[in-house]
Structure formats: structure tokens, C-alpha cells
Amino acid sequence: MHRSVVIIGAGPAGLVLGNALRQAGVSCLIVERHSRSHIEQQVRAGITDHCSRLILERLGLAAGLLAHGQIQETCEFRAGSERVIVAYAQLNGGIGHRVYSQHLLVRDLVEAFLAGGGELLFETTAETITVDGETSATVTLSAGPRRVSCDVVACADGSHSIGHKHMPTTPEQRRYPYRWLTLLADVPTPSPRLVYVLHPDGFAGEMPRNPVQSRFYLQYGTGEDPHAWTDEQIWQRLRDRMPDIAPGRVRQRSTLAMSTRTHLPMQHGPIHLLGDAAHALPPTGGKGMNLAIADADTLASAIIASSHDGGKRLAAYSDDRLTDVRRAVGFSDWLLRLVNTPLHMSEKDIMADYRTRQAKLMELSDPAGLATWFAHAYARTSEQTTLPVRRSTVSHRSARAGG
């Protein structure tokens with residue numbers, strides 16, 4: 001079998017790419033190692049930003065998002081008695097987020113791809129990639145057509161992508177001394193907005209997924225084993241940092257060690273990386289899925305243009321994505337350091353660091369400074385700016401008023 005493009009992975013990146021290519025008449029095959037029911041039921045991140053919404057709308061893939069996604073235009077930061085509510089949409093021209101669980105978006109994208117006659121093989125693994133030249137490769141599959149030749153291999157198969165075996169560079173990687181317990185829970189009164197809590201014992205956060213369900217994050221120390229905690233012990237730790245939280249049924253729990261990893265370049269010969277295969281970020285700021293969708297849109301446009309530009313845009317794919325990726329990595333790093341407690345330090349140093357981060361938090365109430373930068377970077381608008389130089393003073397009174 002020959003297809004112009006073989007896409008490995010049916011997550012948001014692979015499915016947006018597949019839909020865009022199918023609409024343009026480019027032959028493509030998507031292979032996914034999991035079953036359809038698995039990818040359509042796995043509840044994951046659900047924050048869709050401005051750029052992603054525009055891409056999905058242009059491709060006619062945003063009906064579910066627009067009909068059922070909850071609009072988010074504010075987020076809240078807490079530190080002790082201080083609360084700062086950042087109305088970021090008011091600061092960037094009205095641009096907010098849509099909260100729409102990733103598995104629901106995946107379901108929509110699968111339906112659109114198959115309804116248009118797209119080829120998608122579930123429970124099929126890409127076992128090997130043989131590079132036949134700069135513009136050709138052969139992918140060996142575990143099922144279906146055993147060998148598929150193609151002009152482009154698009155690896156959207158996550159952090160342990162098969163494409164990494166064929167990349168000549170060492171990824172840029174940073175590991176942080178922060179670990180989170182993550183929970184998906186049914187809660188009777190979820191917060192109306194995303195909440196980030198700074199606390200000497202560690203970060204806590206609530207990210208609503210729908211009117212009756214939220215994702216919670218709880219930072220823990222290196223010597224702790226959150227897998228041994230009962231649900232009651234988890235809720236108690238969360239209440240210590242978020243006193244007004246209402247406990248509910250825990251549906252999922254897992255742990256995360258914070259790190260970033262970026263593979264540069266994101267292409268080599270016919271192999272192109274996108275989504276988590278190209279760059280893995282912490283969940284702070286909700287950048288991962290949105291970068292994946294932007295990768296897919298850029299790569300689709302470049303592949304479609306190859307018929308008349310001799311592959312120039314395709315050769316520039318990695319460079320074209322670099323600015324956006326760097327910006328997202330920088331923002332995630334900044335937010336991660338703001339909300340997390342360096343629990344590996346002494347108690348005295350932890351408290352000193354906490355007071356410093358409290359002061360930084362108060363700067364988010366200043367529309368003339370950090371708040372406007374945050375608003376554009378958080379919503380990922382086209383007008384993002386560099387991080388402003390810290391002003392010499394921020395009035396504690398105005399900070400309280402802003403919250």
C-alpha cells in the first residue's frame with residue numbers, strides 16, 4: 001500500500017492533521033495502537049485556547065467545542081489570605097478558553113475523519129520505520145497492510161514516539177523537583193474558574209472539566225507515597241490548602257514528575273514529529289494539546305503546499321514551529337516556578353521562597369504590568385509579548401483590590 005502520509009497516533013494532533021489532509025484530497029492513513037473506545041473514553045486535558053479554536057473552526061471541526069465547551073475568561077490565584085482573580089479575557093481583547101474534555105474532542109475528530117472516508121486503523125502498532133530517502137519511507141504495521149510506503153511519516157504517538165529512534169539530535173530536557181498527584185473527581189460544586197493555590201506545604205489546583213467534574217492537582221514531597229493515601233487522606237490534604245473544597249468521588253488518580261522535553265529539529269528526512277512526540281510540557285497553563293493542534297495545522301499546510309512549492313514549506317516545518325514552542329515552554333516554566341513549593345529545601349528557605357512567590361503573585365493584579373503579559377500568554381493570543389521587567393514596587397493595597 002502507498003499513501004502520501006502515514007500518521008502514527010490518533011490523538012488531537014494526528015486527527016487534526018488527518019482531517020486537514022483528507023479535506024485537501026491528500027491520501028493519508030492513521031494508525032492507532034489503542035481501540036476506538038479507549039481513546040474516546042480516556043479523560044484528559046480539556047483547555048482549548050484561542051488559536052486552537054480558530055484552527056478547528058476553519059476546518060469545520062469545532063461544532064462540539066462551541067456547543068458544549070464551557071467558556072473560561074478568568075483564573076484565580078491564592079496564597080494564604082490573598083486572592084487574585086485575573087480577568088485575562090478583559091486584558092487581551094476578550095479572548096478566553098473553552099473547557100472541553102480532550103476525549104470529547106477526540107470523539108468529534110474521529111467521527112469527522114471516518115465520515116469523510118478517512119482510513120483509520122485501530123489496535124494497530126507502527127513497528128518499524130524504514131527511511132528510503134529524503135522524501136520517502138516505509139512503515140511496517142502489526143495489522144492490516146503490513147507495509148505502507150509514503151512520502152511523509154507524521155509521528156503523533158506521544159512522548160515515547162517511534163520517530164525518536166530516527167532523530168539525529170539529543171532532546172532539550174529539563175527536570176524539575178516537583179511531583180504532583182492528579183485526581184479526576186466528581187464534585188458537587190466545582191469552581192467556576194481554574195484555581196492555583198500557593199502553599200508552604202505545596203501547590204494545589206482545581207481545573208473544572210464540566211459542571212460536575214474537576215481535575216485536582218496536589219504537590220507532594222520526594223519522600224511521600226501518594227499511592228498509599230486513602231481518598232479521605234487526599235481530600236484532607238487538599239482541604240488544608242483549599243479550605244472551601246467539597247470532596248467527591250475520585251474516578252482517577254495518577255502521579256506526575258514535572259519536566260519539559262523538546263526535540264529539535266522536529267523533523268528529519270520524511271519523519272516529522274508533532275504533539276507530545278515533539279515537545280512534552282507540564283500541565284500548567286494547558287499548553288500541550290494546543291501546541292499539538294498548532295503543529296498539525298502547520299504540518300498539514302506544508303504538506304498541501306508541497307505540490308506547488310517543491311517542499312520548501314515542509315522543509316521549514318520545524319523552524320516555523322520553534323517560536324510558538326519556545327514561548328509555550330517559557331510560560332509553562334514561569335508558571336510552574338510560581339505555584340510550586342521547593343520542598344527539597346529547608347523549612348526556613350521554603351518560607352522565604354513562599355513570601356517571594358506571594359509578592360510575585362501580587363504583581364498579577366497590576367493590569368499595567370505582569371497581568372497583561374499573563375493574559376496574552378495564558379490565552380495564547382497572537383499578541384503575546386516578552387515577560388515584562390519587574391517594576392520596583394507594587395502597592396499591596398492595589399494588589400488586594402485587584403483580587
Side-chain angles (χ1 to χ4, degrees), residues 1-22 26-35 38-39 110 113 118-173 261-280 291-293 295-307 311 313-322 325:
M1 176 186 287
H2 177 83
R3 295 292 180 267
S4 295
V5 183
V6 172
I7 302 169
I8 305 173
L15 290 167
V16 170
L17 175 61
N19 274 286
L21 294 178
R22 182 195 59 75
V26 178
S27 64
C28 62
L29 170 69
I30 302 178
V31 296
E32 167 57 48
R33 64 189 180 95
H34 292 114
S35 68
H38 177 87
I39 66 171
V110 169
F113 186 70
E119 296 179 280
L120 202 168
L121 300 178
F122 292 104
E123 300 180 79
T124 301
T125 302
E127 296 181 330
T128 62
I129 300 174
T130 302
V131 177
D132 304 319
E134 282 297 314
T135 58
S136 62
T138 300
V139 182
T140 303
L141 306 179
S142 64
R146 293 286 296 173
R147 292 169 58 83
V148 184
S149 62
C150 59
D151 306 314
V152 173
V153 181
C155 295
D157 49 341
S159 299
H160 302 288
S161 172
I162 187 175
H164 296 166
K165 300 176 182 179
H166 304 275
M167 305 303 292
T169 58
T170 302
E172 297 179 356
Q173 187 162 327
R261 183 175 63 256
T262 306
H263 290 265
L264 294 174
M266 292 165 53
Q267 63 191 115
H268 180 63
I271 301 173
H272 298 71
L273 305 178
L274 60 163
D276 286 353
H279 35 68
L291 280 182
I293 291 173
D295 291 344
D297 184 56
T298 301
L299 184 56
S301 298
I303 292 171
I304 294 166
S306 294
S307 61
R313 287 185 61 182
L314 189 57
Y317 162 68
S318 184
D319 290 339
D320 287 346
R321 292 296 303 134
L322 182 58
V325 171

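Counting begins at 1 with the first residue of the sequence.
Note that CZ of Arg313 is 9.0 Å distant from OG of Ser306, once rounded to the nearest 0.5 Å. Atom CG in Leu273 sits 10.0 Å away from atom CG in Leu299 (nearest 0.5 Å). Note that CG of Leu291 and CZ of Arg321 are 6.0 Å apart. Values are rounded to the nearest 0.5 Å. With values rounded to the nearest 0.5 angstrom, Gln267 atom CD is found 9.0 Å from Asp320 atom CG. Of the inter-residue distances, the one linking Ser142 atom OG with Glu123 atom CD reads 9.5 Å to the nearest 0.5 angstrom. Here Ile39 contributes atom CD1 and Leu15 contributes atom CG; the two are 6.0 Å apart, rounded to the nearest 0.5 Å.
When atom types are taken as modelled, the side chain of Tyr317 and the backbone of Ala300 share no donor-acceptor pair closer than 3.5 angstrom. Judged purely by atom type and a 3.5 angstrom limit, Arg261 uses its side chain to pair as donor or acceptor with the backbone of Ser159. A side-chain donor-acceptor contact under 3.5 Å links His166 to the backbone of Ile129. Remark: the backbone N or O of His268 is not paired with any side-chain donor or acceptor of Glu134 at under 3.5 angstrom.
Contact annotation: the side chain of Thr140 never approaches that of Val148 to less than 4.5 Å [non-hydrogen atoms, C-beta and beyond]. Considering only heavy atoms from C-beta on, Phe113 comes within 4.5 Å of Cys28 through its side chain. Under the 4.5 Å side-chain criterion, counting only non-hydrogen atoms from C-beta, Asp276 is not in contact with Ser161. Taking the side chain as every heavy atom from C-beta outward, Ile293 and Val16 approach each other to under 4.5 Å. The closest side-chain heavy-atom distance from Ile303 to His272 is not below 4.5 Å. The shortest distance between side-chain heavy atoms of Phe122 and Val31 does not fall below 4.5 Å. Taking 4.5 Å as the limit, every side-chain heavy atom of Leu17 sits out of range of all side-chain heavy atoms of Asp297. Proximity of His164 to His263: side-chain heavy atoms (C-beta onward) are separated by under 4.5 Å at one or more points.
Ion pairing between a basic and an acidic side chain is recognised when a charged N comes within 4.0 Å of a carboxylate O; Arg22 and Glu119 show no such pairing. Salt-bridge formation is detected for the pair Glu127/Arg146: a Lys NZ or Arg NE/NH1/NH2 atom is positioned less than 4.0 Å from an Asp or Glu carboxylate oxygen.
Minimum interatomic distance between Asp295 and Gly275 (heavy atoms only, all atoms of both residues): OD2-N, 2.9 Å. Smallest separation of non-hydrogen atoms from Pro265 and Met167: O-CE, 3.2 Å. When all heavy atoms are compared, the tightest approach of Cys155 to Ala277 is O-CB, 3.5 Å. Closest approach of Ala126 and Val139 over heavy atoms only: CB-CG1, 4.0 Å. Across Ile30 and Gly14, no two heavy atoms sit closer than the pair CD1-O, 3.8 Å.
For the side chain to side chain contact (heavy atoms under 4.5 Å, CB included) test with Ser4, the passing option among Val152, Val26, Leu29, Leu21 is Val26; the others fail.
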Next item on the list: Could you go through the side chain to side chain donor-acceptor pair (under 3.5 Å) check for Thr262 and His279 one step at a time?
Entry: CA-CA 4 Å; Thr262 306; His279 35 68; over 6 Å; no
Item checked: Stepwise side chain to side chain donor-acceptor pair (under 3.5 Å) check, Thr138 with Asp132 -> CA-CA 7 Å; Thr138 300; Asp132 304 319; 2.9 Å; yes
Notebook entry, point to check: Does the side chain to side chain contact (heavy atoms under 4.5 Å, CB included) test come out yes or no for Met1 and Arg147, once each step is laid out?
Noted result: CA-CA 7 Å; Met1 176 186 287; Arg147 292 169 58 83; over 6 Å; no
